[in-house]
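Take a look at the structure below.
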Amino acid sequence: MRARFTSHSAPLCTSKLLGSASQTVPRFAETAKVRRVTRCSCRDGKPSASGVKPAVRFKVPVGGTTKFLDVVFGEREFSNDEIEDFVLLRSGKGEEEFGQAMYHMSVVVDDIDMRITHVIRGADHISNTPKQVLLYRAMGAAIPFFAHLPLILGADKSRLSKRHGATDVNMYRTEGFLPEAFRNFLALLGWAPGGDEEFLRTSQLLEKFSLQGVSRTNAVFDRPKLEWFNTQYLQKLPIDELLPEVEAQLRRSGLWKDEWATGAGREWFSRTVDLLRPRVRLLPDFASWSRAFFSDEFERDPAAKEKFWKEPAKIKELLRKTADALAALTEWSHDPCDHATRAVAEAAGVKAGLLINAIRVAIVGQAVAPPLFDTMVVLGQERVVRRLRDAVTELG
RNA sequence: GCCGCUAUGGUGCAACGGUUAGCACGUAGCCCUUUCAAGGCUAAAAUACGGGUUCGAUUCCCGUUAGCGGUACCA
């Protein structure tokens with residue numbers, strides 16, 4: 001089988017060659033080892049085997065080279081003798097004379113048609129480019145600029161695939177990465193702005209980016225750094241740009257309330273998101289661990305209780321006293337909450353930190369949350385007191 | 001196999017003949033502290049190997065090795 005395939009005397013134009021039955025076609029990786037450059041049999045004046053429909057191949061010049069200018073890799077030159085007589089049109093099936101056009105044929109025709117001036121694509125196409133250049137020439141069209149970009153590899157340095165997790169940009173979106181953070185991260189794969197600053201908003205990237213600055217080395221997709229960019233954007237983005245993203249998350253989780261769209265509700269929403277953002281890593285965190293800020297229906301995390309409610313009886317008593325003290329406040333803001341809480345701790349002879357941590361678990365159900373008194377202000381007096389009393393009940 | 005591309009800490013990039021080889025992520029430690037982040041400071045950590053060229057190589061040339069890509073009637 002193999003001998004027939006590589007032999008120059010074989011009827012290379014026929015579909016019979018590769019076999020319509022798949023078992024006659026060895027796996028590509030294996031055939032490559034024994035393979036030589038394919039020349040169309042018609043060069044020897046031999047017609048296709050009778051009865052089989054021919055495919056149309058490109059008659060590559062014998063000898064000489066084909067070169068092109070790559071904006072990233074520079075002047076490239078390939079020997080024509082390394083390029084096989086590649087197939088342009090598949091052989092026809094049934095009644096049709098020819099089948100569908102192959103990739104190289106399609107893209108070149110399409111790009112000429114669309115008057116494409118710059119072909120920017122992955123470096124995996126660099127070896128195929130001379131074939132396309134040959135086609136442009138054969139069709140009398142102007143050859144565009146080519147720019148091949150380094151490939152993005154997985155952490156194991158193999159080509160990025162499903163195995164590496166998300167492979168589709170939309171998946172990063174659903175995971176909760178901000179589009180602009182993702183863009184910033186991606187831009188830095190195979191390119192650097194020059195200075196030391198890596199945090200660049202899209203407008204700045206647009207201004208600084210240049211194809212000539214692109215590196216020729218493949219880059220590894222570094223997920224931790226992507227996450228870092230996301231936290232940076234979550235923190236530094238003007239709050240008005242972040243709010244719609246958070247709103248979308250809350251809507252998705254059924255936590256959204258229309259009163260947060262305008263007026264005082266909007267102001268509260270903005271302040272709350274601003275308070276939460278330094279601790280959020282991914283957008284869905286706003287609806288998950290921050291749930292207690294947007295809904296009264298939340299669970300107290302067992303691990304948090306384990307950590308900060310170590311002595312239930314003592315905690316219960318402290319929380320009960322705190323609830324009373326806070327309920328009595330006539331002004332609900334940071335300092336009064338702070339003073340009242342510390343007074344309870346002092347009276348009970350415990351460290352303020354102990355009480356503070358216990359309260360945090362009681363009012364937001366998490367061990368991790370924004371600074372306590374800011375949290376209290378945002379939640380409001382009525383809610384804080386109620387949650388403290390609920391916690392007392394929960395403690396038995 | 002053949003052809004081609006690439007090679008700076010674990011990762012992404014700087015340094016484009018002369019620097020104590022720089023920055024960022026990550027890692028470790030310290031500070032801050034009300035949890036956890038953030039932030040600040042510090043530390044460990046690199047020019048793949050071998051030959052040239054040069055007064056001087058991370059940088060230019062050659063070879064080796066390694067990784068990647070291409071080599072399909074896939075795209």
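First the proteins, then the strands, lettered A, B, ... as listed; each starts at 1.
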Toss me the dot-bracket line for RNA chain B: Watson-Crick and G-U wobble, both under 3.5 Å, 5' to 3', using | for pairs to another strand and [ ] for crossers. (((((((..((((....[...)))).(((((.......)))))....(((((..]....))))))))))))....

Heavy-atom donor-acceptor pair, [X] side-chain to [N] base, under 3.5 Å:
| X | N | value |
| --- | --- | --- |
| A:S91 | B:C73 | yes |
| A:S127 | B:G69 | yes |
| A:E82 | B:G4 | no |
| A:R216 | B:C5 | no |

Given the [atom1] atoms of [N] and [M], what is the spacing between them in whole Å?
| N | M | atom1 | answer |
| --- | --- | --- | --- |
| B:C68 | B:C31 | C1' | 45 Å |
| B:U8 | B:A43 | P | 25 Å |
| B:C30 | B:C62 | C1' | 50 Å |
| B:C2 | B:A44 | C1' | 44 Å |
| B:U53 | B:G17 | C1' | 11 Å |

Select base, sugar-phosphate, or nothing to describe what [X] touches, counting heavy atoms under 4.0 Å on all strands.
| X | answer |
| --- | --- |
| A:H148 | nothing |
| A:I359 | nothing |
| A:E198 | base |
| A:R76 | sugar-phosphate |

Is the distance between the ring centroids of A:F73 and A:F68 under 6.0 Å?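 Distance test on ring centres: not under 6.0 Å, no.
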
Proximity of A:Y233 and A:F177 rings by center, below 6.0 Å: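 Not close enough - the centres of the two rings lie 6.0 Å or further apart.
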
Out of A:R387, A:R300, A:K316, which residue meets the salt bridge (Lys or Arg N to Asp or Glu O under 4.0 Å) rule with A:E394?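 Among the candidates, only A:R300 passes.
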
Between A:R183 and A:E180 (salt bridge meaning N to carboxylate O under 4.0 Å), is one present in this structure?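 No.
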
Side chain of [X]: nearest nucleotide among [options]?
| X | options | answer |
| --- | --- | --- |
| A:L151 | B:U71, B:G69, B:A24 | B:G69 |
| A:M102 | B:C25, B:C36, B:C73 | B:C73 |
| A:D124 | B:C25, B:A7, B:G69 | B:G69 |

Within 45° of the axis and under 6.0 Å from the centre of the six-membered ring of A:F58, does NZ or CZ of A:K131 qualify?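 No.
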
Please test A:F221 against A:Y172 for ring-ring contact (aromatic ring centres under 6.0 Å, His included), starting from the C-alpha separation and ending with a verdict. CA-CA 13 Å; A:F221 190 96; A:Y172 290 95; 5.6 Å; yes

